[in-house]
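Beneath this line is the structure, given in structure tokens, with notes to follow.
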Protein chains: 2
Amino acid sequence: MDSRARPRSVTMEDVAREAGVSRALVSLVMRESPLVSPARRALVLETAERLGYTPNRLASRLASNRTHTIGVFLLGLHNPVFADIYAGIAEGIEGSGEHLMVAVGAAEQDAGTDVDPAREAEAITSFVDLRVDGILLAGYTGSPESLTALLRGTPAVVITRELTAPGVDSVLADDRLGGRLAVEFLNELGHDRIAHIASRATLPYGSRRAGYVEAMTRLGLEPLVVEESMTERGGHRAMGEILRTASTRPTAVFANNDLAALGALGALASAGLSVPRDVSVLGYDDTAFAASDVVQLSSVDQHGRDLGRGAAEQLLRRIAGEDGAPVVRRLAPRIVPRQSVAPPRSWA
Amino acid sequence: MDSRARPRSVTMEDVAREAGVSRALVSLVMRESPLVSPARRALVLETAERLGYTPNRLASRLASNRTHTIGVFLLGLHNPVFADIYAGIAEGIEGSGEHLMVAVGAAEQDAGTDVDPAREAEAITSFVDLRVDGILLAGYTGSPESLTALLRGTPAVVITRELTAPGVDSVLADDRLGGRLAVEFLNELGHDRIAHIASRATLPYGSRRAGYVEAMTRLGLEPLVVEESMTERGGHRAMGEILRTASTRPTAVFANNDLAALGALGALASAGLSVPRDVSVLGYDDTAFAASDVVQLSSVDQHGRDLGRGAAEQLLRRIAGEDGAPVVRRLAPRIVPRQSVAPPRSWA
DNA sequence: ATGAAAGCGCTAACAG
DNA sequence: CTGTTAGCGCTTTCAT
């Protein structure tokens with residue numbers, strides 16, 4: 001063993017002995033039981049304070065077999081969408097008596113490209129082995145089978161993705177619909193040549209692209225998809241590639257998320273093109289930065305906060321014992337138009 | 001007690017019995033001890049798998065009195081600076097065998113205004129009671145005394161702030177210097193009327209403002225400080241107030257962080273002013289969004305990632321047993337000029 | 001209202 | 001190499 005154990009701390013036993021009462025009584029006081037006489041309670045609290053007693057939550061959780069803790073897995077911290085989802089989760093568990101404990105899948109900004117499956121698995125295993133009441137997953141990239149294996153029965157709710165596995169519910173926006181809406185919205189504005197910056201096909205998040213392709217096809221338009229990592233840099237590269245290779249320049253670009261859209265905006269600026277005059281840009285997620293005055297990026301709002309809240313509420317229900325087949329809740333996304341879109345120039 | 005305990009899961013005892021070996025042997029196998037014969041090891045692993053055994057980390061941590069876990073407290077997720085710091089922390093503990101567990105202080109975007117001291121305290125108490133090896137704090141707003149009381153001896157490193165308390169180290173950028181550099185940088189460009197959007201004086205993060213005031217005074221310039229919450233909205237309001245009330249419009253604005261600077265950019269645009277032609281804007285933290293092509297915000301880089309890494313390394317040293325007086329490590333910030341600054345118009 | 005006693009599931013000497 | 005024996009610090013019946 002590498003490092004030495006921490007010095008033994010003051011225990012309930014110590015407090016009990018010093019106060020001249022039983023350990024059980026101290027336990028009751030610590031848990032604010034009403035069954036304790038005010039006198040004893042005061043005595044115990046005072047002694048505990050004097051001795052510098054710190055309850056050992058590991059021990060109490062082990063003994064009581066309950067943790068009152070929900071594990072939250074977030075893919076990364078650089079994408080603001082996770083901040084929104086987290087805010088919703090926090091709101092959702094409010095007043096439930098549950099605590100939140102978060103684990104981050106990928107520390108690097110360029111995550112999404114190189115998600116580390118081992119890290120992801122370790123985070124979930126860790127929650128399970130710590131016996132959390134349930135797990136909330138935002139941005140999980142593994143397969144349903146792996147998840148089932150990792151969870152070993154711990155209730156879980158997957159956010160922003162539909163994942164079919166026993167005991168796992170899903171709360172997400174209708175991404176396929178979002179993709180369709182994006183195309184229809186741009187098309188109604190007059191756009192025919194609409195490109196799409198998609199996330200890598202290896203990731204289980206392809207519905208937005210599917211919706212895009214479906215709507216384009218139905219409108220008799222030719223889909224133009226470029227795959228990239230969903231980061232600003234990725235979006236920049238993708239836009240560059242589109243400008244370089246497209247036989248005719250698209251008049252609008254729909255990106256799979258706001259980060260990539262931001263990158264596209266940058267690439268367009270570098271190329272001397274004006275948004276929305278030359279090219280319209282539409283993002284996805286409606287993050288705080290899209291809404292920023294200086295960015296004014298139009299975006300498809302998936303209601304990240306609502307997803308977080310809904311997932312938390314659903315998990316609480318499962319924890320409370322509600323059973324039944326896996327539930328899939330799908331919210332309708334909506335377009336939030338801002339300055340980055342306009343009718344194509346030839347139209348005006 | 002409100003909710004029923006989770007169903008009893010498969011234990012080492014079960015595996016031992018089923019495999020016809022002792023519990024201790026199973027324990028050794030689980031901890032990958034080399035002292036176990038390959039045959040037994042295989043037998044045990046196979047039985048464990050078959051029975052669906054899941055180690056109970058609560059029990060092992062309790063028994064071994066070691067958690068190999070570091071608690072990370074982050075003020076909020078909406079400010080990207082915490083993502084950078086976290087990335088540094090993750091880098092810093094790499095290979096140490098420690099795990100990360102994070103708690104978030106404020107879920108709301110407008111945090112910073114109304115930090116919830118109870119939440120903050122609960123997060124730290126929770127880490128302490130879970131017996132983490134050490135705690136890393138980014139954005140802690142409480143007093144040194146409260147922190148000492150909460151930590152009860154758990155080693156901790158505070159990031160982006162100097163906090164004098166026994167057993168607590170600090171890793172931060174020299175914010176006062178940063179404030180001075182900001183003023184000097186703008187002044188060398190020709191600016192005389194430099195306003196500052198500061199964080200609330202109630203928060204223990206006032207050095208940037210102090211540096212600003214110091215440099216302004218030394219240069220014989222008149223400081224103009226507006227206090228606001230460090231969010232985009234706060235920055236917007238502050239800039240509005242400056243435009244509304246200043247007798248002569250400043251030619252440059254230095255904001256206490258990038259979010260507020262972003263808000264200032266928005267307010268300037270709304271007011272029909274051009275950046276940097278009419279007003280130069282300088283932020284702080286050099287977050288990813290300042291660096292974005294579409295924002296191009298000049299900023300003071302506090303090297304958030306380095307702070308995170310340095311703090312993690314320092315904590316690891318403490319955990320390894322290094323003692324001695326509290327250490328304060330202060331990195332020098334540097335200006336990252338981008339398109340949001342230029343010489344004042346009268347100068348060009 | 002308080003105490004005694006039996007675990008929770010695991011680790012850690014210590015034998016052998 | 002493997003088994004025995006004590007705990008880790010707390011909760012939880014069950015008495016009284």
Side-chain angles (χ1 to χ4, degrees), chain A residues 1-45 47-48 51-68 128-131 152, chain B residues 1-45 47-48 51-68 128-131 152:
Chain A
M1 301 294 93
D2 35 341
S3 69
R4 82 225 99 274
R6 303 191 66 209
R8 203 184 133 290
S9 46
V10 181
T11 74
M12 267 192 180
E13 191 64 54
D14 301 329
V15 176
R17 197 180 327 105
E18 178 78 13
V21 300
S22 76
R23 181 151 34 88
L25 215 239
V26 179
S27 175
L28 287 177
V29 171
M30 284 334 209
R31 280 176 293 144
E32 310 186 334
S33 162
L35 305 175
V36 185
S37 70
R40 296 294 209 177
R41 152 197 275 347
L43 169 64
V44 167
L45 286 177
T47 349
L51 263 44
Y53 169 69
T54 302
N56 185 325
R57 248 128 113 153
L58 293 171
S60 74
R61 288 179 180 194
L62 176 60
S64 69
N65 196 25
R66 287 169 340 42
T67 60
H68 288 300
V128 171
D129 293 356
L130 248 18
R131 300 296 190 263
R152 290 174 176 287
Chain B
M1 299 297 92
D2 34 341
S3 67
R4 82 226 100 278
R6 304 190 65 209
R8 204 185 133 290
S9 46
V10 180
T11 73
M12 267 191 180
E13 191 65 53
D14 301 328
V15 176
R17 195 179 330 103
E18 178 77 13
V21 300
S22 77
R23 180 152 35 89
L25 217 235
V26 178
S27 174
L28 288 177
V29 170
M30 283 336 205
R31 281 177 290 146
E32 309 186 335
S33 162
L35 304 175
V36 185
S37 70
R40 297 292 209 179
R41 153 198 271 354
L43 169 64
V44 168
L45 286 177
T47 333
L51 262 44
Y53 169 70
T54 302
N56 186 324
R57 249 130 114 151
L58 293 171
S60 73
R61 288 180 180 194
L62 176 61
S64 68
N65 197 26
R66 287 169 339 42
T67 60
H68 289 299
V128 171
D129 293 354
L130 248 17
R131 300 295 190 265
R152 291 176 177 283

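Please read these numbers as outputs of a predicted model, since none were measured by experiment. Letters go in sequence order (proteins before strands), and every chain restarts at 1.
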- Item | Distance, rounded to the nearest Å, where Glu13(A) contributes CD and dG3(C) contributes P | 12 Å

- Query: Ala63(A): what forms a side chain to side chain contact (heavy atoms under 4.5 Å, CB included) with it, not counting sequence neighbours?
  - Reply: none

- Query: Between Thr11(B) and Asn56(B), is any pair of side-chain heavy atoms under 4.5 Å apart?
  - Reply: no

- Residues Leu43(A) and Ala19(A): closest non-hydrogen pair is CD2-O, 3.6 Å

- Query: To the nearest 10 degrees, what angle separates the axes at the start and end of the helix from dA1(C)-dT16(D) to dG16(C)-dC1(D), five pairs each?
  - Reply: 30°

- Supply the atom-to-atom distance Asn65(A) CG to Ser9(B) OG, rounded to the nearest 0.5 angstrom. 7.0 Å

- Message: Measure CG/Asp14(B) against P/dC8(C) and give the value in whole Å, please.
- Response: 10 Å

- Message: Tell me the interatomic distance from Leu62(B), atom CG, to dT11(C), atom P, rounded to whole angstroms.
- Response: 11 Å

Between the protein and nucleotides 3-7 of chain D, which nitrogen or oxygen pairs come in under 3.5 angstrom?
residue : atom : partner  : partner atom : Å
dG3(D)  : OP2  : Ser22(B) : N            : 2.9
dG3(D)  : OP2  : Ser22(B) : OG           : 3.3

- Query: Over how many whole Å does the gap from Arg66(B) atom CZ to dC10(C) atom C1' extend?
  - Reply: 13 Å

- Message: The test is side chain to side chain contact (heavy atoms under 4.5 Å, CB included); show your working for Arg131(B) and Arg61(B) and say whether it passes.
- Response: CA-CA 9 Å; Arg131(B) 300 295 190 265; Arg61(B) 288 180 180 194; over 6 Å; no

- Message: Suppose we screen for side chain to side chain donor-acceptor pair (under 3.5 Å). Which residues come up paired with Thr67(B), at least two apart in sequence or across chains?
- Response: Asp133(B)

- If you check the Arg31(B) side chain, which of dT2(C), dG9(C), dA12(C) turns out closest? dA12(C)

- Query: Atom CE of Met12(A) to atom C1' of dT2(C): distance rounded to whole Å?
  - Reply: 15 Å

- What closest approach, in Å, do Ala48(B) and Met30(B) show between heavy atoms, and which atom pair accounts for it? CB-CE, 3.8 Å

- To the nearest Å, give me how far apart CZ (Arg61(B)) and P (dC10(D)) are. 17 Å

- Query: Would one find a side-chain N or O of Ser64(B) under 4.0 angstrom from OP1 or OP2 of dA12(C)?
  - Reply: no

- Return the value, rounded to whole Å, for the distance between atom CZ of Arg131(B) and atom P of dC10(C). 20 Å

- Query: Which heavy atom in Leu51(A) sits nearest to a heavy atom in Val15(A), and how many Å separate them?
  - Reply: CD2-CA, 3.9 Å

- Taking the side chain as every heavy atom from C-beta outward, state whether Thr54(B) and Val10(B) have any pair of such atoms under 4.5 Å apart. no

- Note on the structure: What one should report as the nearest heavy-atom pair of Tyr53(B) and Met12(B) is OH-CG, 3.3 Å

- Query: For dT2(C), does OP1 or OP2 lie under 4.0 Å from any side-chain N or O of Ser37(A)?
  - Reply: yes

Return all side-chain donor-acceptor pairs below 3.5 angstrom for residues 21-29 of chain A, not counting sequence neighbours, or 'none' if the list is empty.
residue  : atom : partner  : partner atom : Å
Ser22(A) : OG   : Ala24(A) : N            : 3.4
Ser22(A) : OG   : Leu25(A) : N            : 3.2
Arg23(A) : NE   : Glu13(A) : OE1          : 2.6
Ser27(A) : OG   : Arg31(A) : NE           : 3.3
Ser27(A) : OG   : Arg31(A) : NH2          : 2.6

- Item | Distance in angstrom units between Asn65(B) CG and dA13(C) C1', rounded | 15 Å

- Query: Which of residues 51-60 of chain B sit near DNA chain D, with a heavy atom under 4.0 Å from it?
  - Reply: none

